[in-house]
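Start at 1 and go down the list; that is how both ligands and their atoms are numbered. Position 1 is the first residue of the sequence, and the numbers go up from there.
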Amino acid sequence: MSAPIMIFLGTAGSGKGTQAQKLSENLDIIHLSTGDLLREARDNKTELGKAAESYIAAGDLVPDALILDLIKESLTDPKIREKGCILDGFPRTIAQAEGLSSLLEALSISLDKVFLFDISLEETIERLGGRRICATCHRIFHIKHNPATAESHPCDGNLKIRVDDTEEKIRYRYTVYQEQTAPLIDYYRSKLVTLDASEAPDKVYETIKGQIMALEE
Ligand SMILES: [Zn+2]
């Protein structure tokens with residue numbers, strides 16, 4: 001049985017990043033967050049990182065092809081086949097999903113499951129208001145649902161609210177995300193598992209874990 005290859009779809013505040021982080025820690029599955037990959041590439045000043053930086057500095061979106069190249073680098077790591085992976089933050093559009101499908105096919109990696117973290121706008125606003133991100137290790141916490149403790153956050157870096165977590169920006173992002181994601185639901189229909197992301201994080205975690213265990217049987 002090969003290790004599970006999964007995609008997590010969900011808006012900011014749906015808890016997908018937190019769940020991916022937890023699965024990665026508990027089940028040793030590799031968490032490929034597009035945001036983290038971009039940050040690492042920029043910090044390490046790799047060729048792709050420098051290219052991404054030039055777009056970001058100009059205020060442009062990093063092109064899909066560049067993000068796909070970053071993902072490709074990660075997916076060619078032999079550990080992916082051994083441990084499995086969660087793609088978090090990509091794809092967001094049909095064009096990206098098609099690019100990813102071609103990449104997976106070229107690497108002979110088959111996608112097992114796509115988890116959709118379903119959540120309402122109201123719940124998203126409530127959650128993001130309490131979200132805190134570590135300036136040092138970039139881990140995400142929540143003052144109510146996932147507080148930073150000595151155990152959960154050994155780095156003890158500075159916890160900050162993101163500048164784009166205002167209600168207006170949250171509403172805008174949510175609407176854009178819903179519009180972009182709707183076609184993906186259909187695209188991944190045969191592999192899609194819809195999660196009620198408004199449930200307690202522990203319950204959502206158990207549901208995902210159950211699905212992963214069922215894959216490995
Ligand atoms: Zn930290």
(request) Spell out, as yes or no, whether a donor-acceptor pair under 3.5 Å connects the side chain of Y55 to the backbone of P63. (result) no
(request) Output yes if C134 passes the N/O/S-under-2.8 Å test against the Zn ion (ligand 1); output no otherwise. (result) yes
(message) Under 4.0 Å between a side-chain nitrogen and a carboxylate oxygen: does that hold for K22 and D202?
(response) yes
(request) In plain terms, say whether E25 and R139 are close enough for a salt bridge, that is, a side-chain N and a carboxylate O under 4.0 Å apart. (result) yes
(request) Kindly confirm or rule out a cation-pi arrangement of K16 over F117, judged by NZ or CZ under 6.0 Å from the six-membered ring centre and within 45° of its axis? (result) no
(message) Checking one value in my table: which N/O/S atom of H153 lies closest to the Zn ion (ligand 1)?
(response) NE2
(request) To 10°, measure the SG(C137)-the Zn ion (ligand 1)-SG(C155) angle for me. (result) 120°
